[in-house]
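Nothing fancy with the numbering, it's 1 onward along the sequence.
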Amino acid sequence: METIPSIRVENLTRQFGSLTAIQNVSFTVNHGEIVGFLGPNGAGKSTTMRILSGIMPATSGSAWVGGVAVAHNPYEVKQRIGYMPENNPLPDDMRVVEYLRFRARLKGVPRRKLRETVQDVMETCDLARTARRKIIGTLSKGFRQRVGIADALLGNPEVIIMDEPTIGLDPHQIQGIRKLINNLRGRLTVVLSSHILPEIERSCDRVIIINRGRVVASGTSDSLREEFLPGNRFELEVKGCEARVAELFKAKGLEVEILDKEESEDHILKLTLRAEGNGELGAQLIAALSDSPDCTLRSLASRVPNLEEIFLAATKRSWEETIDSPKTKPAAAAQS
């Protein structure tokens with residue numbers, strides 16, 4: 001029996017008059033996945049999330065949450081989604097447990113299950129012992145984020161959408177939220193929208209990158225590295241042969257592209273390289289430089305491009321593909 005994905009989007013388009021916020025956006029998210037939804041400001045992330053949540057209609061295309069068509073059953077879809085906005089509008093004068101019970105009633109949790117449901121989400125978000133009776137206005141930013149996630153978990157949703165869940169947090173608070181999100185893996189489907197790309201890379205199974213209203217990349221970090229930043233990358237420091245480094249590599253038959261270089265005050269040249277080839281490329285690079293008596297190799301290390309570099313490469317490619325003949329212009333009013 002074929003498994004129904006938690007989220008399925010096909011050719012989703014939203015126009016604001018003559019301006020197009022998103023165009024032919026398509027993707028799927030399977031049950032239990034944690035997926036990062038990334039894009040520059042104004043790329044169409046929030047527009048897509050609002051359509052998925054039943055808050056805003058699409059101009060064309062279709063979207064399903066748990067097999068339920070958003071356009072035909074927006075109320076049922078809202079029951080299947082828990083949403084935590086970036087600027088979480090929490091009431092400062094209520095206690096945590098009071099607020100969560102109030103929200104649970106709004107979400108239709110039966111009275112006989114109210115206490116148990118609220119207790120469960122507080123346990124999941126580590127609020128039960130530390131913040132249960134505290135007034136929300138006295139909480140740190142990290143605990144306010146936990147209250148927002150607990151709110152999103154109420155009502156037993158299938159999909160959780162979090163917009164910037166770790167923004168403004170200190171490293172200890174970020175680690176706590178990351179652990180909380182990881183504990184949801186396999187149980188719920190989680191979509192994270194964030195500009196803190198190292199957190200997305202640590203927490204997510206895969207990422208979807210949107211730019212100018214179009215999906216420009218989708219996959220795991222490894223598959224996207226292969227697609228957008230192929231080849232092997234190295235960082236090295238040399239002294240004495242600054243002007244001949246490229247020649248030394250070429251003389252050994254090595255296909256090397258210098259991506260970045262920086263010379264320090266003591267004339268040590270720092271290079272970032274992309275090298276093509278098989279075998280022990282590091283050893284081959286060392287051998288090429290060792291053949292020159294005036295060349296001193298200070299350090300050499302392989303380097304794996306991070307998600308930020310993948311993101312920049314994917315969005316840059318999409319700009320280059322459309323800059324000459326853009327068919328649509330993203331809506332300036334569409335938020336990220």
Side-chain angles (χ1 to χ4, degrees), residues 6-7 29 31-37 45-46 49-50 52-53 55 65 78-92 94-109 113-196 198-200 202-205:
S6 289
I7 299 173
V29 180
H31 178 72
E33 276 192 303
I34 299 179
V35 173
F37 195 57
K45 300 191 302 296
S46 291
M49 294 299 100
R50 288 178 185 136
L52 272 178
S53 302
I55 298 171
V65 175
K78 288 175 183 177
Q79 292 179 311
R80 291 172 178 257
I81 290 180
Y83 179 61
M84 191 190 84
E86 176 182 351
N87 298 310
N88 209 359
L90 300 174
D92 288 339
M94 294 183 73
R95 299 185 187 276
V96 170
V97 66
E98 293 171 344
Y99 171 71
L100 292 176
R101 286 175 180 171
F102 167 70
R103 291 289 294 159
R105 287 195 296 270
L106 288 181
K107 293 186 178 187
V109 175
K113 294 185 177 180
L114 196 65
R115 185 180 297 272
E116 178 185 355
T117 298
V118 170
Q119 182 66 24
D120 285 346
V121 299
M122 286 196 298
E123 290 284 354
T124 298
C125 298
D126 197 20
L127 295 168
R129 291 178 297 174
T130 55
R132 175 187 177 88
R133 300 293 302 171
K134 287 187 177 181
I135 296 173
I136 292 174
T138 67
L139 297 177
S140 68
K141 181 68 180 293
F143 272 100
R144 290 176 70 93
Q145 295 293 77
R146 290 174 181 270
V147 174
I149 296 173
D151 184 352
L153 290 172
L154 288 169
N156 195 30
E158 178 179 346
V159 176
I160 303 294
I161 297 174
M162 301 184 196
D163 196 357
E164 299 288 357
T166 59
I167 194 167
L169 304 185
D170 65 38
H172 290 290
Q173 294 171 332
I174 289 174
Q175 189 176 44
I177 297 297
R178 186 195 309 153
K179 182 179 178 181
L180 195 164
I181 293 170
N182 284 337
N183 288 339
L184 300 177
R185 179 177 279 107
R187 296 165 46 198
L188 300 174
T189 302
V190 181
V191 177
L192 298 178
S193 177
S194 177
H195 288 93
I196 305 176
E199 283 308 307
I200 292 291
R202 289 188 183 97
S203 299
C204 295
D205 302 311

Would you indicate whether [X], at its atom [atom1], is surrounded by more than 12 heavy atoms from other residues, nucleotides or ligands within a distance under 6.0 Å?
{"X": "Lys179", "atom1": "NZ", "value": "no"}
{"X": "Lys107", "atom1": "NZ", "value": "yes"}
{"X": "Asp126", "atom1": "CG", "value": "yes"}
{"X": "Gln175", "atom1": "CD", "value": "no"}

How long is the span from the [atom1] atom in [X] to the [atom2] atom in [Y], to the nearest 0.5 Å?
{"X": "Phe143", "Y": "Thr130", "atom1": "CZ", "atom2": "OG1", "result": "3.5 Å"}
{"X": "Arg50", "Y": "Ile161", "atom1": "CZ", "atom2": "CD1", "result": "11.5 Å"}
{"X": "Ile167", "Y": "Ser194", "atom1": "CD1", "atom2": "OG", "result": "7.0 Å"}
{"X": "Ile177", "Y": "Ile149", "atom1": "CD1", "atom2": "CD1", "result": "4.0 Å"}
{"X": "Arg101", "Y": "Leu154", "atom1": "CZ", "atom2": "CG", "result": "12.0 Å"}
{"X": "Gln79", "Y": "Glu158", "atom1": "CD", "atom2": "CD", "result": "13.0 Å"}

Could you tell me whether the side chain of [Y] reaches within less than 4.5 Å of the side chain of [X], counting heavy atoms only?
{"X": "Leu184", "Y": "Leu153", "answer": "yes"}
{"X": "Asp205", "Y": "Arg185", "answer": "yes"}
{"X": "Asn88", "Y": "Arg144", "answer": "no"}
{"X": "Asp170", "Y": "Gln173", "answer": "yes"}
{"X": "Cys204", "Y": "Val35", "answer": "no"}
{"X": "Val96", "Y": "Leu139", "answer": "yes"}
{"X": "Ile181", "Y": "Glu199", "answer": "no"}
{"X": "Asn183", "Y": "Thr124", "answer": "no"}

If you compare all heavy atoms of [X] against all heavy atoms of [Y], which two are closest, and at what distance to 0.1 Å?
{"X": "Arg95", "Y": "Arg133", "result": "NH1-O, 2.6 Å"}
{"X": "Met49", "Y": "Val191", "result": "SD-CG1, 4.2 Å"}
{"X": "Thr189", "Y": "Ser6", "result": "OG1-OG, 2.7 Å"}
{"X": "Val118", "Y": "Ala104", "result": "CG2-CB, 4.1 Å"}
{"X": "Gly82", "Y": "Pro157", "result": "N-CB, 3.6 Å"}
{"X": "Ser203", "Y": "Leu192", "result": "CB-CD1, 4.3 Å"}

- Task: Go through Tyr99 and Asp151 one step at a time and tell me if the side chain to side chain contact (heavy atoms under 4.5 Å, CB included) criterion holds.
- Result: CA-CA 9 Å; Tyr99 171 71; Asp151 184 352; 2.7 Å; yes
- From the list Leu169, Leu90, Leu180, side-chain contact (heavy atoms from CB on, under 4.5 Å) partner of Gln145 resolves to Leu169
- Message: Under the side-chain contact (heavy atoms from CB on, under 4.5 Å) test against Val97, which residue among Lys134, Met122, Arg115, Gln119 passes?
- Response: Met122
- Would you check, one step at a time, whether the test side chain to side chain contact (heavy atoms under 4.5 Å, CB included) holds for Thr166 with Arg178? CA-CA 8 Å; Thr166 59; Arg178 186 195 309 153; over 6 Å; no
- Message: With side chain to side chain contact (heavy atoms under 4.5 Å, CB included) as the criterion, how do Ile160 and Met84 come out once you've worked through the C-alpha distance, each side chain's angles and the decisive distance to 0.1 Å?
- Response: CA-CA 8 Å; Ile160 303 294; Met84 191 190 84; over 6 Å; no
